[in-house]
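I have placed the structure first, in the form of structure tokens, so that the comments after it can refer back to it.
Heads up: numbering here begins at 1 and tracks the sequence.
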Amino acid sequence: AFLERGRGFRRVAAQFQMDPTLLRRWVEAYRLHGEASLSSTGQRYSALFKFSVLRRMWDDSLSLRRAAALFNLGDSTQVGRWQQQYYSGGIEALESGKRGLSTAMPKPPAKPR
């Protein structure tokens, strides 16, 4: 409703003290998926689904944000992670539980007593 009155994303986002990028993502998802875009499922996705999102993004030259909106994913960074996983280990790296390149620090060795 706010955006229909001619107010821009930045102005509306400032009014609600939120990031305009987040507002833009929510509006795009709502335009594509309606009220279904407002619920969060916490769903785990198959490697095949993740790969299909990536293929669509690459084939249609979509941005991460646009691909996430088309597939009703809550966060475009999720698609970016899938892309990094795919580049680092192929479709096998997209399987649930596999994270691709690990950025965790190794545990320090135990101190001798």
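Between the CG atom of Leu64 and the CZ atom of Arg81 there is a distance of 11.0 Å, given to the nearest 0.5 Å. In this structure, the separation between CD on Glu92 and CD on Gln85 is 12.0 Å, given to the nearest 0.5 Å. Once rounded to the nearest 0.5 Å, the distance linking CE of Met57 with CZ of Phe71 reads 10.0 Å.
With sequence neighbours excluded, the residues that form a side chain to side chain contact (heavy atoms under 4.5 Å, CB included) with Asp60 are Arg56, Leu62. With sequence neighbours left out, Tyr87 forms a side chain to side chain contact (heavy atoms under 4.5 Å, CB included) with Trp58, Gln83.
Side-chain contact between Leu70 and Val53 is absent, with no heavy-atom pair separated by less than 4.5 Å. A 4.5 Å side-chain heavy-atom check between Gln78 and Tyr45 finds at least one atom pair inside the cut-off. Between Leu73 and Val79 the shortest side-chain heavy-atom distance falls below 4.5 Å.
Across all non-hydrogen atoms, the minimal contact from Ala47 to Ile91 is CB-O, 4.0 Å. In terms of heavy atoms, Ala68 sits closest to Ser76 at CB-CA, 3.7 Å.
Here the two rings, on Trp82 and Phe51, have centers that are 6.0 Å apart or farther.
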Side chain to side chain contact (heavy atoms under 4.5 Å, CB included) between Leu48 and Leu94, intermediate numbers included: CA-CA 8 Å; Leu48 184 59; Leu94 295 175; over 6 Å; no
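Between the Ser63 side chain and the Arg66 main chain, a donor and an acceptor come within less than 3.5 Å of each other.
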